[in-house]
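What follows is one structure encoded as structure tokens, with my remarks underneath.
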There are 2 protein chains.
Amino acid sequence: MKNHASEMSAVVERPMGERTRVTINDIARIANVSKKTVSRVINNSPLVRDNTRNHVEAVIKQHGFVPDPQARALAFRRSFLICLAYDNPSPQYVVNMQLGILDTLDGSDYQLVLQPVDRNDPDYQGRIQRFVERHRPGGLIMPPSVSEDEYVAEMLQKLGCDYIRIASLDIDEPARMVRTRDAEGAAQAARHLAGLGHERIAHIHGPRSFRSAHERMEGFRRGLAEFDLALPEAMMREAGYTFDTGVQAADNLLAGARRPTAIFAGNDEMAIGVYAAARKAGMQVPEDLSIVGFDDTPMAARMWPQLTTVRLPIREMGREAARSLLRKITGSPLQMSSCFTPDIVVRQSTARPLMSD
Amino acid sequence: MKNHASEMSAVVERPMGERTRVTINDIARIANVSKKTVSRVINNSPLVRDNTRNHVEAVIKQHGFVPDPQARALAFRRSFLICLAYDNPSPQYVVNMQLGILDTLDGSDYQLVLQPVDRNDPDYQGRIQRFVERHRPGGLIMPPSVSEDEYVAEMLQKLGCDYIRIASLDIDEPARMVRTRDAEGAAQAARHLAGLGHERIAHIHGPRSFRSAHERMEGFRRGLAEFDLALPEAMMREAGYTFDTGVQAADNLLAGARRPTAIFAGNDEMAIGVYAAARKAGMQVPEDLSIVGFDDTPMAARMWPQLTTVRLPIREMGREAARSLLRKITGSPLQMSSCFTPDIVVRQSTARPLMSD
DNA sequence: CTGAAAGCGCTTACAG
DNA sequence: CTGAAAGCGCTTACAG
């Protein structure tokens, strides 16, 4: 795949297989300008004559020069790392978010590094702080619930580190936010269930430490209210956004005398737990129990019956978060906020309630 | 969380919130040694007197000095990045692999960066090569099927870049391998099904471009042979390690006149596709059809009935791969190969076949 | 609009 | 075992 002769000679020159690398000095010499001028071209400084720029760019292209990220990082006092700091327990969410960010970063100078954290770890903020102090990343992207931690956001501002928060409510200036309208999505779930004729409707929400749990709960409540339906305490359970906690909460809900005919779970993981609880209780889905989830993870469409859920375009959100962050870093002027409204995806886990009572 | 007075003074000195950072020069001055000696301590050089080392280490600790990764990278001509280059389509596999690697990297000087690739992209090897040339990572970790690409391995050797290949057969020197005995796992699946009394047993295997697909197929065949059972062509289908292709392959298998009574799928994703095909065909699992998967992803235990599958400890494999890589990088002498043998996890998707025929 | 000097915080190569 | 000098490949601060 490579010129054999030149490869041989390179090997002779550098036995470790390290090919001679074109540097800014080579380009400066060849283009007959100072290295500072090459630097200006690399960094898109306006202080370069068009003629000079074109010439330098031609030389750069001809020699396949790519500035060394490590050297730039040292001189800039800032690395070309973008950090995803997350604590979302759903692997689907995480992978899609990563893919979205990588979509945007591909072709840029930045690399994605991962910082999974545990908000129950008392040192979790310290871990983020140390990472930022040591590696001085270009910026951080924080999905819920890390995004909801004001202390972390303030710390990043003090450290002069850019960031984007993905969250279900406005908790920062627009240019630093990717907003999701979770409440509206939950309201759609409520309208769907109420519209089918359900009246005894329950809700399993995520941990109270997640703002999204509140938003979804309140949105769901508002949606029900449009149909003059209430969401009493007896019909609510808190769970941990995981399968196991979803099973437990649903077990509990279905053990009562007046069972709900429909359950809206705060995410798909818990909704899938509701399937398991329903089976244990001898209930058919959707005949005896309608189930709605939130997220539309791939698993939703693989369940039987397929899960009706509220879709949030995670990957596209990741793309947009990275785009916004890159804009902040480069100081681009057009910094508007972006907002994603979820949509309900009706599948087979919801139906009219059986006439009972 | 921090000494208030010192934080204030730092803010006054550096308005951008950039706190003065302790460098190797500060430590050298305070410890009254040359910076080269500090460097030796940092890098665990044996050429330091114990007295000197202890003293320098005390000063380092006292001042919370952490060497700048960017500066070290520039001087070393090698960055403190570990790259995961993967093309595995299962999000569960990817997330668990990442978590395992991060377990090991946590506390080290290295950061994990992601390089998802598409082996159908004609430029995919070029993408890896360019990443390595530009970022000079400490090393790469490659799970299947990227690990099975000899061209990539040779390229990395030429570039002098360390790597670890996770694969189901010995394709490199032991110190560069994390081996999995996929064939043995598949043989266990075969023994389990044959032991239950199945005779018409089918296999949906992954893409032929994955060596693991071959290993699992051959292991399964050998396991059946122990029970004098054959695996005829009519009972084999190729699919893409994804849910959708799994559904298709199973549809096809179940459309024939002599339906299999059991199907072993090459991974869980496809096995879950078999559930869907079985339902479409009006078959009950496990009464009419036994199903076995491979991987034991979290979804396996969430299916109904729960999926019998072959478990590979992905996260532990990730940990071990990162450990081996760090050993290679530091030139540690004890470099043995590690090997993981999968185990069958019997759940509820397998049972004795109904007496028919 | 362009450049020469100094510096980012480390390590390598050499000397002792 | 220890250190002074030069260098890694860029950018900042300053001058013109």
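Since we're looking at a predicted model, the values are computed, not measured. To find a chain, count down the sequence lines: A is the first, B the second, and so on, and within it residues start at 1.
Distance, A:Arg134 CZ to C:dG9 C1': 16 Å, rounded to whole Å. If you take NE2 of A:His135 and P of C:dG9, they are 16 Å apart, rounded to a whole angstrom. Per the geometry, CG belonging to B:Asn32 stands 12 Å off C1' belonging to D:dG3, to the nearest Å. As rounded to whole Å, 13 Å separates atom C1' of D:dC8 from atom CG of A:Asp26. As a whole-Å value, the separation of B:Ile60 CD1 from C:dG9 P is 16 Å.
Residue B:Ser34 has no polar side-chain atom (N or O) positioned under 4.0 Å from OP1 or OP2 of D:dA4. Of the side-chain N and O atoms in A:Thr37, one or more sit less than 4.0 angstrom from OP1 or OP2 of C:dG3. At the phosphate of C:dT2, OP1 or OP2 sits under 4.0 Å from a side-chain N or O atom of A:Thr52.
Summarising the base pairing, C:dC14 is matched to D:dG3 through a Watson-Crick or G-U wobble pair whose two defining distances lie under 3.5 Å.
Side-chain atoms of B:Asn54 come within 3.5 Å of backbone N or O of B:Asp50 as a donor-acceptor pair. Checked by atom type and distance alone, the side chain of A:Ser39 never pairs as donor or acceptor with a backbone atom of A:Lys35 at under 3.5 Å.
No salt bridge links B:Glu133 with B:Arg130; every basic N to acidic carboxylate O contact stays at or beyond 4.0 Å. Taking 4.0 Å as the cut-off between side-chain N and carboxylate O, B:Arg165 and B:Glu150 count as a salt-bridged pair. Between A:Arg323 and A:Glu316 there is a salt bridge, since at least one side-chain N of the basic residue sits less than 4.0 Å from a carboxylate O of the acidic one.
For CZ of A:Arg127, the number of neighbouring non-hydrogen atoms (other residues, nucleotides, ligands) closer than 6.0 Å is 12 at most.
Annotation: of the two residues near DNA chain D, B:Leu74 and B:Pro46, the 5′-most nearest-nucleotide partner is B:Pro46.
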Under 3.5 Å between N/O atoms: give me all the protein pairs with nucleotides 10-12 of chain D, atom names plus distance.
{"from": "D:dC10", "atom 1": "OP1", "to": "A:Asp68", "atom 2": "N", "distance (Å)": "3.1"}
{"from": "D:dC10", "atom 1": "OP2", "to": "A:Ile24", "atom 2": "N", "distance (Å)": "2.7"}
{"from": "D:dC10", "atom 1": "N4", "to": "A:Lys35", "atom 2": "NZ", "distance (Å)": "2.7"}
{"from": "D:dT11", "atom 1": "OP1", "to": "A:Asn43", "atom 2": "OD1", "distance (Å)": "3.4"}
{"from": "D:dT11", "atom 1": "OP1", "to": "A:Asn43", "atom 2": "ND2", "distance (Å)": "2.6"}
{"from": "D:dT11", "atom 1": "OP1", "to": "A:Arg72", "atom 2": "NE", "distance (Å)": "3.3"}
{"from": "D:dT11", "atom 1": "OP2", "to": "A:Ser39", "atom 2": "OG", "distance (Å)": "2.4"}

